[in-house]
Amino acid sequence: MARTDRNKPRRSTASDSRMTLVEFMAEYPDDATCLEKIWRQRFSPDGTHAHCPKCGVERVFKKYPIKNRRTAWSCTAKGCGHHIHPLVGTIFEKSSTSLHLWFYAMYVMASTRCGISAKQLEREIGVGYKTAWRMFHLIRTQLMGQETTEPLQGVVEADETFIGGKARKGEAKYAGSRQGRKRIVLGMVEREGEVRAMVIPFSGAGDIRPRVLDNVKAGSFLFTDGLPVYRTMPQYDHAWVDHERDEYVRGAVHTQTIEGFWSIMKGGMNGVYRGAVRKQHLQSYVDEYAFHYNHRTGLGGPDPFRVLYARAVEA
Ligand SMILES: [Zn+2]
């Protein structure tokens, strides 16, 4: 049997996770290391030289610890002394919370597929609930947004779902949110690919059609349920299943991929947030689940923590 090195545990290949907690802790052991990484990433690849905006040329910089404030780096040119704060313009800039805790919060959010509550973060890292909530909120809204540069293509499923209050008796199936507490989310997913999901005010043609046209490449196959609006887009090779007649699958035609996404999202929201998602925050929660879906292992992209990190420092 091959010997194992207990100091470098090997990851099980069956594991869905990419960066393990042990790997994370080894790479980011403390606040100073996190700050140094950001300094190098944003300003100084070798850790010493950086462009000084005051001198107008590259200079040698030295750490400049300030009492009660975060370390800056300072230009060593005679008579200059310009300071660079590595966190300027990032979500960490105005926070007094340790960068190590911020990074841990990003790690946890990146590696938990069905989400984690601020309450749980509060317990795990020992910050107050308000701080934990604010960290989550910033990570979610600033780092987990959907990138909509490339339209979906190939075989794409589109569907809408309701979040929040249950449909009341007598309420039209596709009624807008004006009638109740329900919110509508429109989703489109490329089979074996990414999802796009967005909160829409109503489920009328004017709400759905432009968003589908924006997010799905013309010429794609579009599979939906029987909602009439989907039949009004000649840009696509459209086919639909008639849920009203209990038809859910007809050969390749079905909407089970997007329904699978809805079920992860709703299960997560019910479990983590107990369904208590404020209206104004709903899109950011939808974004969080889309982020997990779009950075799942099967797609072969970079580790989701590294994606969050890259977005955090590109500010
Ligand atoms: Zn200078």
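Since this is a predicted model, take the numbers as computed values, not measurements. Just follow the structure's listing: the first ligand is 1, and inside any ligand the first atom is 1.
In this structure, the side chain of Asp159 does not engage the main chain of Gly187 through any donor-acceptor pair within 3.5 Å.
Heavy-atom contacts from other residues, nucleotides or ligands closer than 6.0 Å to CD of Glu192 number 12 or fewer. Within 6.0 Å of atom OH in Tyr64, 12 or fewer heavy atoms from other residues, nucleotides or ligands are found, so the atom counts as exposed in its surroundings.
For the Zn ion (ligand 1), the neighbouring protein N/O/S atoms at less than 2.8 Å, given as residue and atom, are Cys52 SG, Cys55 SG, Cys75 SG, Cys80 SG.
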Would you please test Thr224 and His238 for side chain to side chain donor-acceptor pair (under 3.5 Å) and show each step? CA-CA 8 Å; Thr224 68; His238 178 235; 2.8 Å; yes
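At least one test fails for Arg306 against the ring of Tyr309: distance under 6.0 Å to the centre or angle within 45° of the axis.
Taking the six-membered ring where tryptophan is involved, the planes of Phe24 and Phe305 are perpendicular, since the angle between them exceeds 60° and thus also 30°.
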